[in-house]
Structures are given as C-alpha cells and as structure tokens.
Amino acid sequence: MGIENTTAHAIPANFWKEGNPPFVAHADKNIVSTRFYDSAIPDFADASLERLYENIYCTLTRIGLYERLDDIHTFAAADEHDIVLLILFRIDRNTVRIVNQQVALSTGDLAYFAVNVFSRYPAARRIEGYALDTPVDASTFASTFASTFAFPVQVLPQLEENVVALPSSADAYMGQLGKSTRELMRRSMRKCAAQFPSCRFEILSTHQITPRHVRELVDLTDQRMDARNATPYVEDSDIDRIVRLARSHGYLGIMLIDDTIVAACLCSRVGTRHFLHLVGHSPRFDAYRLGRQVTLHTIYHAIAIGGRELWMMGGHHDWKSHFLARRKILGSVTIYRSRVAVLVCWRTLLRNAARLRLHDLRLLVATVQSRDGAGKRLLAYSLSALRHARKGLRRLRFLSAGGAGKPCFRRNGDGTDA
C-alpha cells in the first residue's frame, strides 16, 4: 500500500477506465467514475486529501500516528479532470466507519458515498462518521424517518471547534479585535519590552523543530496545569507523535527572554488552514500575558504566509473569542441502509437518541449558568456537590487500590517519568 507524498494531480492514467460506473448521479459534482481500493490507500490519496479537505486531522500523517493504515479501504470519485471526493473507511462487521474527520462533506457527498457503499457491501447495515462538518439535519428520533436525506440518518453534535476567519493583513486583524483586547495586548507588549529588553519572538519551521523544543513547550503547559492544581493533559506517549506531526506540517512560535523559551505556540498548516495544538507560558510571567502575546504573534505569522482560517480546538471559548474565534459544532453521523436496518440497529438508534438528550441537557445547564438568580445559585450548589462526591469516590477507589495520595508525574529532560 503506497502512502508516500505525490502531487495533487498524480492520478493513474487508467483510473477512469478501471473505475466502477457511478450508481447514481451526484447532487452537485459531475462525477464520471468511481473506484474502491480494498485494504489499500492509493499513492495519490495523501495529496488529494490535503487538497480537498485542508485539515490536519484528515492527513495520512496524522491518521498514521494514531491508527493502523493497513486495514483502511478507500473510495475515490473523479470528474473528467481530477479526484473530487475521497473517503477513507474501515469495515467492522456490519458497520462502515469513515476515517475522515473534521472535514466538510455535503449532503450530496454523504448520499453518494452511502449508495455506492451499500451497493458494494450487501452486509453493511450502517455507515458511521465522526466529527463531520455537514448540513445534513436529522438529529431527532422522528426525523430519522422523515428526513429528506436519501437514507434514514441521525446527526448528533459531537465536537466543538473555535475557528478564526483570518483577514489579509495583520493590521486588518488587529483592527477587528475589540478595543479592550487591543489595548490590553499593546499594554502587555510595551510592559514586557520595557522590563525585558531581550524579549523577542521567533518562528521555527518544520525542519527546525526538535524534540527538545516540544518537551520545553509541554513543560510550560505542565507548569500552568500545576499552578491550577490540574492534571497535565499531555502524556509522555504523545510527545513523540507531536514531534513527528510538527516536523511534517508544523511550525512553532516561541518567545525568548535571555535566550530561554518562556512561551510557545505550536500550530500545523494544511493549505490555507492553520491548526493550534498547544500554547504554554511560564507562570512566572503571568503579569505580562505571554500566552496571549505568543498566540497573537503566531496568528500574525499565519496571516503573513497566506492563512485564511485558524482552528483553535474546543473549549475555553471566552478567551479564544477575544481572538475572534467563533464556535463550530461538528457532527457524528449515522446512516442506515433502510428502515429495517434501523430496527435491527435499535441499540445504536437509542444510544444516539440518549446522547442527543444529554447534549440538550448540557445546553440547558449552560443557559441557566449564564443567568443571575436563584436558579443559577441552586444549579451551582448542585454541580459543586456532585463534583465533590465524584472526587471523594475517585479518592476512595485510589486508596482501596493501595495508593497514598494523589499520583504526581513529572517529566525529566529525556521525556521519561521521574
């Protein structure tokens, strides 16, 4: 199975001759031929995925860091000139699982893929896709049967992203920031420059990033977590993956004082989309807001090299919104072969319905928390009591397993645990 990099148009000359004819017309693409690659990823897939979807989470580099590639199948569809639809998938008994994540697939794309898959694999009862940007709307039990989509379908909110639309210049971006944010950033930068004349910002490109740089950034994030009495969210096992991804698609923005890295921001780039992965700064410099400074400088760099979008991951929307991030909700999609398949897969149907109700409950809780009054206070008290009960239960389990306190892990310079 070839997965090496090729040019975007490196399609075998006999692709259209060998391809299977499409079973139905695509709603908005002039597809003239399709082809399945069983347990194989064609050589042109890597470049085509990046060209079509511009998403780091749908590159063979990123997929290969966390998953096996030898059991992945490929579906490719082409018009008269190029590949226009490319979907990687696995087959798990009667379920086809889409490997592509965090990519935009239209209603037509999903319907076209489904009809081809169900025709080729008679045993497949459903297709599942994780974290897709799709306009398909069938998120309730009733709409599973009433949807205008070609098959019974459920779509559930799955993953949150914070996405910044980047303008054409740093000045234009700075002008779009809120007045208080602009003043805060300028004041912080002036204060830092006056106190630390050696402070400077640099960008390290893919070949310049070393494991030491990544470990120093992870150590900065650990310091922040430790200052908050929180558990570090980067495991040692992830550091090698982060290094490999950074040296393939990444760049690292660093702030140095006396040649020591005091803040860093790791991003990756696919086409005109940029993806923020880690931000960290030394708690000793909290007064200078170095975390936000390094983020702003890194955004300037993304704009300078033609970036048009920055994905800042989910969560912490309050501070990310100061950088003009807007929430994007990606959906989990389940497509059933037929209404009979819906009944056969009733456990999946009910599980999805329960997850949707839980999502609605969380939205309700967030709405109540945003308001003042007795309801907010009662909810806060209830959630606090629940958290304390869960912590007590976890501690009891830990002690019963022979522990003597909260486990603490510290990374040595070589990345091992102390």
Side-chain angles (χ1 to χ4, degrees), residues 56-57 59 61-62 65-66 162 164 185 188-189 192 196 198-270 274-302 305 307 310-316 319-320 323 325 408-418:
I56 190 64
Y57 301 102
T59 61
T61 299
R62 173 59 169 72
L65 290 177
Y66 291 89
N162 290 288
V164 181
M185 297 306 303
S188 299
M189 288 187 282
C192 184
F196 306 102
S198 66
C199 183
R200 68 185 190 275
F201 175 79
E202 293 181 1
I203 285 288
L204 303 180
S205 57
T206 52
H207 66 282
Q208 296 174 308
I209 300 172
T210 68
R212 179 181 65 82
H213 291 128
V214 174
R215 291 192 186 102
E216 288 188 21
L217 171 54
V218 171
D219 183 60
L220 291 174
T221 64
D222 285 355
Q223 291 179 40
R224 293 293 299 160
M225 294 297 101
D226 186 60
R228 299 174 184 174
N229 294 317
T231 303
Y233 56 83
V234 177
E235 300 291 339
D236 286 322
S237 58
D238 286 327
I239 291 181
D240 180 61
R241 294 189 180 104
I242 294 172
V243 171
R244 291 166 63 187
L245 188 65
R247 292 183 64 85
S248 173
H249 291 78
Y251 58 91
L252 183 67
I254 57 175
M255 294 190 70
L256 303 103
I257 294 178
D258 297 331
D259 294 323
T260 298
I261 296 177
V262 292
C265 181
L266 179 64
C267 295
S268 60
R269 172 191 179 190
V270 182
H274 295 242
F275 301 84
L276 185 152
H277 300 292
L278 284 175
V279 180
H281 75 276
S282 172
R284 294 190 298 116
F285 300 92
D286 278 355
Y288 305 94
R289 294 177 172 82
L290 292 191
R292 299 200 181 193
Q293 282 196 51
V294 75
T295 300
L296 182 62
H297 284 299
T298 304
I299 290 175
Y300 285 169
H301 173 73
I305 60 177
L310 173 66
W311 289 41
M312 301 182 73
M313 300 185 295
H316 302 289
W319 79 263
K320 293 176 182 179
F323 289 99
C408 179
F409 300 98
R410 176 175 60 83
R411 291 181 179 83
N412 294 323
D414 61 357
T416 61
D417 291 335

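Bear in mind the structure is a predicted one, so any value in this text is a computation, not a measurement.
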Do [X] and [Y] have side chains that get closer than 4.5 Å, going by heavy atoms?
X: Thr61; Y: Arg244; result: no
X: Val214; Y: Ile209; result: yes
X: Leu220; Y: Ser282; result: yes
X: Cys265; Y: Leu276; result: yes
X: Phe285; Y: Ile257; result: yes
X: Cys192; Y: Leu290; result: yes
X: Ile305; Y: His301; result: yes
X: Asp259; Y: Arg200; result: yes

Can you give me the closest heavy-atom contact between [X] and [Y], atom names plus distance?
X: Val243; Y: Pro211; result: CG2-CA, 3.9 Å
X: Val294; Y: Gly253; result: CG2-O, 3.6 Å
X: Gly250; Y: Thr206; result: O-CG2, 2.9 Å

Test item: side-chain donor near acceptor, His213 and Thr210, under 3.5 Å: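 Side-chain D/A pair, His213 to Thr210: present.
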Within 45° cone and under 6.0 Å: Arg269 NZ/CZ vs Tyr251 ring: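 Pair Arg269/Tyr251 does not count as cation-pi.
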Pairing residues for Asp240 by the side chain to side chain donor-acceptor pair (under 3.5 Å) criterion, not counting sequence neighbours: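 Testing Asp240 for side chain to side chain donor-acceptor pair (under 3.5 Å), a comparison that skips the adjacent residues, returns none.
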Side-chain (Arg62) to main-chain (Ile56) donor-acceptor, under 3.5 angstrom: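 Flag not set: sc Arg62 to bb Ile56 has no pair under 3.5 Å.
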Lys320 side-chain N/O to Val164 backbone N/O, donor-acceptor pair under 3.5 Å: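 Not a single qualifying donor-acceptor pair exists.
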What is the distance from atom [atom1] of [X] to atom [atom2] of [Y], rounded to the nearest 0.5 Å?
X: Glu216; Y: Thr260; atom1: CD; atom2: OG1; result: 8.0 Å
X: Asp219; Y: Ile239; atom1: CG; atom2: CD1; result: 9.5 Å
X: Cys267; Y: His277; atom1: SG; atom2: NE2; result: 7.0 Å
X: Gln293; Y: His281; atom1: CD; atom2: NE2; result: 10.0 Å
X: Arg289; Y: Met189; atom1: CZ; atom2: CE; result: 12.0 Å
X: Met312; Y: Trp319; atom1: CE; atom2: CH2; result: 4.0 Å

Output field: ring centroids Phe196/Tyr288 closer than 6.0 Å: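 Yes; Tyr288 has its ring centre under 6.0 Å from that of Phe196.
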Aromatic plane relationship, His297 with Phe201 - under 30° parallel, 30 to 60° tilted, over 60° perpendicular: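 The rings of Phe201 and His297 lie parallel, inter-plane angle below 30°.
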Option passing side chain to side chain contact (heavy atoms under 4.5 Å, CB included) with Leu266 (candidates Ile254, Ile242, Val279):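 For Leu266, the side chain to side chain contact (heavy atoms under 4.5 Å, CB included) test succeeds with only one of Ile254, Ile242, Val279, which is Ile242.
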Gln208/Ser205 under side chain to side chain contact (heavy atoms under 4.5 Å, CB included): CA gap, chis, key distance, verdict: CA-CA 5 Å; Gln208 296 174 308; Ser205 57; 3.1 Å; yes
